[in-house]
Structure formats: C-alpha cells, structure tokens
Number of protein chains: 2
Amino acid sequence: MHTLTLVGVGLIGGSIGLAAKKRGLVRQVRGVGRNRSTLERAQALSAIDEICLDLTAAASGSDCIILCTPVDRIAEQVLQLAPHCRPGTLITDAGSTKGLIVQAVEDHMPAEVHFVGSHPLAGSEKRGPEYANADLFQNRWTIVTQTPKTDGTALNRVMTFWQQLGARVRIMEPQEHDRALAMTSHLPHLLASALAGILPAQWKDLTASGFRDTTRIAAGDADLWTAIFNHNRQALLVALQSLEGQLSQYRQALERNDDTTITHLLAQAKKVRDALGS
Amino acid sequence: MHTLTLVGVGLIGGSIGLAAKKRGLVRQVRGVGRNRSTLERAQALSAIDEICLDLTAAASGSDCIILCTPVDRIAEQVLQLAPHCRPGTLITDAGSTKGLIVQAVEDHMPAEVHFVGSHPLAGSEKRGPEYANADLFQNRWTIVTQTPKTDGTALNRVMTFWQQLGARVRIMEPQEHDRALAMTSHLPHLLASALAGILPAQWKDLTASGFRDTTRIAAGDADLWTAIFNHNRQALLVALQSLEGQLSQYRQALERNDDTTITHLLAQAKKVRDALGS
C-alpha cells in the first residue's frame with residue numbers, strides 16, 4: 001500500500017499511523033483534520049508524514065482511508081470523500097458503533113470504491129496523538145462488519161490490514177456488533193458515569209482503588225460519548241434494562257436480608273470476571 | 001511498642017506487619033489465624049515474626065491487637081480476646097464497616113482495655129499475604145471512628161499508629177463512615193458485580209479496558225463481600241437507590257433522544273472523575 005489516509009489523528013488515528021509505519025505496511029501516511037495544531041503534533045510524533053486540511057483533496061491519491069473521527073461524523077465524511085476516490089480505494093473506520101454508519105454509506109459508494117466498517121477494541125479515556133501507541137492493537141480484537149452488500153475482496157483487505165497491525169479480527173453483522181458493544185462498552189461507560197455523578201463532594205477523599213477503577217472511563221469526553229449513546233440508543237436501552245433487572249435482584253436480596261442470594265450473585269460475577277483476566 | 005498482634009495475616013494484616021517492621025514501630029509482630037499455612041507464608045515473607053493459633057493466648061502479652069479478619073467475625077473476636085488482655089492494651093481493626101462492630105464491642109471492654117475502630121482505605125480484589133506491601137497505607141486515608149464512649153488517649157494512639165504507617169487519618173462517627181463507604185466502596189462493588197454478572201458468555205472476547213476496569217473489583221471474594229453488604233445493608237440500600245435514580249435519568253434521556261441531558265450528565269460525571277485523579 002502506498003498512501004494511507006487517516007481522517008482524525010487522535011489516540012486511535014495516531015496509533016494506526018504509528019503501527020502501520022512501524023510494521024512497514026505503507027509508504028506514506030497522510031493525516032486529515034480540521035485542527036492544524038493536532039495534525040502538527042501527530043506529525044511531530046511521526047504518526048503521520050503529511051498534513052492535509054481538505055478532506056476531498058486528501059481522498060484522491062489514497063489507497064486506503066480510515067475514518068477515526070467521532071461516530072456522528074463518520075458517515076457524512078465517507079459520503080463526502082468517496083466521490084473523489086480513485087477506483088480500488090478502500091475505506092474503513094474505527095467508530096464505536098456500526099449499524100447507522102454502515103447503513104448510511106453502503107448504498108452510496110461509487111463503483112470500485114468500497115466501505116467496510118471496523119471497530120478496534122482498544123483505546124482509553126485519553127484523547128490526542130500524545131497517547132498514540134504503535135502497539136495499541138497488538139493482540140486486541142478488531143471487529144470488521146459484514147452485510148449482504150459487503151464486497152468480499154474489500155472485507156479481506158480490511159481484515160488483513162488489522163491483522164498486520166497485530167490485531168485479532170472477528171467478523172460481525174453491524175447490528176450484532178452494536179448489541180454486543182452496548183453491553184461490553186457503552187453500558188459500562190454509562191454506569192461509570194452514573195456512579196461518578198452521584199458521589200457527594202464531601203466523600204471524594206474516601207474513594208480508593210475500587211471506586212477509581214469502576215469510574216475511570218467516566219473521564220472520557222462527554223460529546224464523543226453522547227454521540228455513541230445516540231447512535232446505539234436501542235441496544236444501550238436493552239443493556240441498561242438488563243442491568244436494572246440485576247440491580248433489582250441485589251436490592252430485593254438486601255431488603256430481605258438474603259445472604260444466600262447475595263453470595264450466589266457475587267460468586268457468579270466473580271467467576272465471569274476471573275475468566276476475563278486482568 | 002513491643003508486641004503487635006495481627007489477627008488475620010492476609011493482604012491487609014500482612015501489609016500492617018511489613019509496614020510496622022519497616023518503620024521500626026514494633027519489636028515483634030505476632031500473627032494469629034486458624035490456617036497454619038497462611039501464617040507460615042506470612043512468616044516466610046517477614047510480615048510476622050511469630051505464629052499463634054490461639055486467639056486468647058495471643059491476646060495476653062500484646063501491646064496492640066489489630067483485627068484484620070472478615071467484618072462478620074471482628075466483634076466476636078474482640079469480645080473473645082479482650083478479657084485476656086492486660087491493662088493498657090489497645091485493640092483496633094481494619095474492617096470495611098464500622099457501625100455494627102463498634103456498637104457490639106464498645107460497651108464490653110474490660111477496664112483499661114480500649115477498642116477504637118479503624119478502616120484503612122487500601123487493598124484490592126486480591127487476597128493473601130503474597131499481596132502484602134509495606135507501603136500499602138502510604139498517603140492513603142485511614143478512617144478512625146469516634147463515639148461518645150471512645151477513650152481519647154486510645155483514639156490518639158490509634159491515629160498515631162496509622163500515621164506512622166504513612167497514612168492520612170480522618171476521624172468519623174461509625175455511622176457516617178458506613179454511609180460514606182456504602183457510596184465510595186460497597187456500591188461500586190455491587191455495581192461491578194452486577195455488570196460482570198450480566199455479560200453473555202459469547203461476548204466475553206469483546207470486552208476491552210473499559211469493561212475490565214469497571215468490573216475489576218467483582219473478582220473480590222464473594223463471602224467477604226456478602227458479610228460487608230450484610231453489615232452495611234441500610235446505607236448500601238440508600239446508595240443503591242440514589243444510583244437507580246441516576247440510571248433512570250439516563251434511561252429517560254435515551255428514551256426521548258435527549259442528547260442535551262445526556263451530555264450534561266456525562267460532563268458532570270467527568271468533572272467529578274477528573275477531580276479524583278488517576
């Protein structure tokens with residue numbers, strides 16, 4: 001691959017640039033964004049080689065374009081740049097939701113330009129190219145989406161790309177991805193934020209590692225996460241309902257002083273958590 | 001202080017032994033427990049100098065006794081060993097709840113033997129002397145409880161002891177401690193467990209650092225935490241009710257597609273979490 005274009009050069013975009021260059025997968029990495037200062041920081045960190053402030057200009061001459069922007073901007077940007085791509089260009093993304101994005105773009109690709117949705121399960125509550133890391137995807141899962149309309153060759157190219165960055169790849173339908181991530185990522189964010197949100201100020205000093213671990217991701221950007229919640233509303237509501245049901249089991253057991261049920265619930269949760277590893 | 005007796009030599013007891021010895025606060029640390037193998041491991045790690053399997057025998061000849069056992073056993077053990085203590089013996093504990101323990105013991109101390117409740121806000125989901133650490137209490141808060149019946153000299157001695165281990169000390173009433181810890185420790189544990197408990201097995205691989213951080217403490221021991229929940233039932237139910245109310249705000253905002261409220265809730269939570277530090 002000659003030219004890889006990254007739209008958005010924060011933690012994820014910057015890490016893709018570093019990882020692709022470290023592994024010799026591309027000759028040149030082009031960074032696109034609206035904020036020149038972020039692009040310059042990414043360039044100074046060698047995450048990108050070249051800066052481009054214009055999305056459509058960046059599209060032409062790229063072999064692969066990866067959208068690493070907030071989920072509510074990805075589809076619109078894909079539709080904007082696709083007409084400027086040359087045949088054979090591969091477009092993918094790194095968004096935390098897939099259903100709305102894939103649905104919005106897959107019927108609107110020019111001939112010989114293909115979009116395949118991706119979601120690398122990596123990142124943190126931190127933002128910016130300063131937190132980029134060439135090994136961010138190593139041994140982590142990346143979901144690649146497939147629908148009846150997905151081009152098989154493009155799917156394989158996207159899978160190979162992530163595998164070359166060190167990721168393990170799993171294919172899912174966009175809706176299945178969103179249901180799973182509602183539970184494994186979006187609900188945890190909501191919960192962490194709900195817990196942080198009710199902490200009375202006078203008890204701040206009385207938090208130890210348990211509270212801090214449990215609420216760490218609540219430090220994530222509010223606008224980014226509002227967009228994710230909005231994109232995955234239905235699945236997130238289903239996951240939240242399941243959680244509320246579980247909390248209600250704890251509450252009822254506490255109310256009737258039922259230690260047996262509490263121990264049973266805690267032991268089952270411990271088993272699940274132990275199986276995840278550290 | 002000549003002889004410090006630790007009842008329970010796991011993560012907390014072991015860390016107190018290591019910390020007191022490292023700082024030269026005691027001549028000899030005696031470890032008491034039912035499980036000889038745990039005591040021998042603690043001795044091998046130099047967390048204790050001497051092993052004792054009999055609680056009442058250990059009590060005599062101690063200057064200070066610290067109960068580092070599960071919360072549902074502390075009061076009973078204090079009442080059992082107190083009659084065997086010589087005048088001037090100081091008894092404290094490291095239990096995660098304070099109300100029931102202090103209430104159960106403070107009227108039943110022999111003359112010149114004093115109990116003061118303590119709770120060092122340190123630890124982890126790990127168990128056993130292998131995880132003990134001489135600096136566990138360094139710059140961490142330890143709560144010391146005071147009631148109208150607390151002996152002032154004993155309170156000062158307990159505070160000085162924790163301060164000498166590197167801790168910052170805060171005095172609270174037992175009930176205030178329990179209300180605060182219900183929010184800062186017991187509810188996070190319940191939440192982490194509730195979330196881990198509803199994860200479908202087929203999505204286990206799709207968890208990343210967010211899910212793992214948020215559920216880390218669910219790996220704690222189910223029996224220990226059942227006892228803590230039982231001891232702090234009322235305050236935990238109040239904290240849980242507050243959390244359920246907050247979740248309901250998120251749910252309603254999601255249902256009506258109200259991004260403004262979601263952003264407001266997330267931004268307020270981020271502010272709280274950012275203020276806690278890493």
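Per chain, numbering begins at 1; letters A, B, ... match sequence-line order. All heavy atoms count here, side chains included; hydrogens, waters and symmetry mates do not.
- Comparing A:I143, A:D274, A:V272 by how many heavy-atom pairs each has under 4.5 Å with chain B, the most go to A:V272.
- Distance CG/A:D258 to CG/B:N230: 10.5 Å, rounded to 0.5 Å.
- For A:A253, no part sits under 4.5 Å from any heavy atom of chain B, backbone or side chain.
- Looking only at distances, no side-chain donor or acceptor of A:K270 sits under 3.5 Å from a matching main-chain atom of B:A218.
- Interface check for chain B: of the options A:L276, A:L243, A:I262, the most heavy-atom pairs under 4.5 Å are formed by A:L276.
- If you take OG on A:S193 and CD on B:Q246, they are separated by 9.0 Å, rounding to the nearest 0.5 Å.
- Your options are A:L237, A:L240, A:L121, and the one with the most heavy-atom pairs under 4.5 Å with chain B is A:L237.
- Contact annotation for A:R140: only side-chain heavy atoms (C-beta onward) come within less than 4.5 Å of a heavy atom of chain B.
- One finds the CZ atom of B:R212 at 13.0 Å from the CD1 atom of A:I217 (value rounded to the nearest 0.5 Å).
- Between the side chain of B:R273 and the backbone N or O of A:G197, no donor-acceptor pair lies under 3.5 Å.
- The two residues B:F211 and A:T184 come nearest to each other via the heavy atoms CB-O, 3.3 Å.
- Put simply, OG1 on A:T214 and CG on B:L190 are 11.0 Å apart, with the number rounded to the nearest 0.5 Å.
- Highest contact tally toward chain B, considering only A:L236, A:T226, A:T207, is held by A:T226 [criterion: heavy-atom pairs under 4.5 Å].
- For a residue to count as touching a neighbouring chain, one of its non-hydrogen atoms must lie under 4.5 Å from one of that chain's; by this rule A:W141 touches chain B with the side chain only.
- The side-chain heavy atoms of A:L191 and B:L195, taken from C-beta on, include a pair separated by under 4.5 Å.
- Taking B:A196, B:A208, B:A194, B:A222 one by one and counting their heavy-atom pairs under 4.5 Å with chain A, the maximum is reached by B:A194.
- The line from NE2 of A:H189 to CG of B:L266 is 5.0 Å long, rounded to the nearest 0.5 Å.
- Heavy-atom distances place the side chain of A:R170, and not its backbone, under 4.5 Å from chain B.
- Ranking A:L181, A:D205, A:L265 against chain B, the residue ahead of the rest is A:D205, based on heavy-atom pairs under 4.5 Å.
- In this structure, CG in A:L187 is found 11.5 Å from OH in B:Y250, a value given to the nearest 0.5 Å.
- For A:E255, the parts sitting under 4.5 Å from any heavy atom of chain B are the backbone and the side chain alike.
- Within 6.0 Å of the CZ atom in B:R34, the count of heavy atoms belonging to other residues, nucleotides or ligands does not exceed 12.
- Proximity to chain A is absent for every atom of B:S185, based on heavy atoms less than 4.5 angstrom apart.
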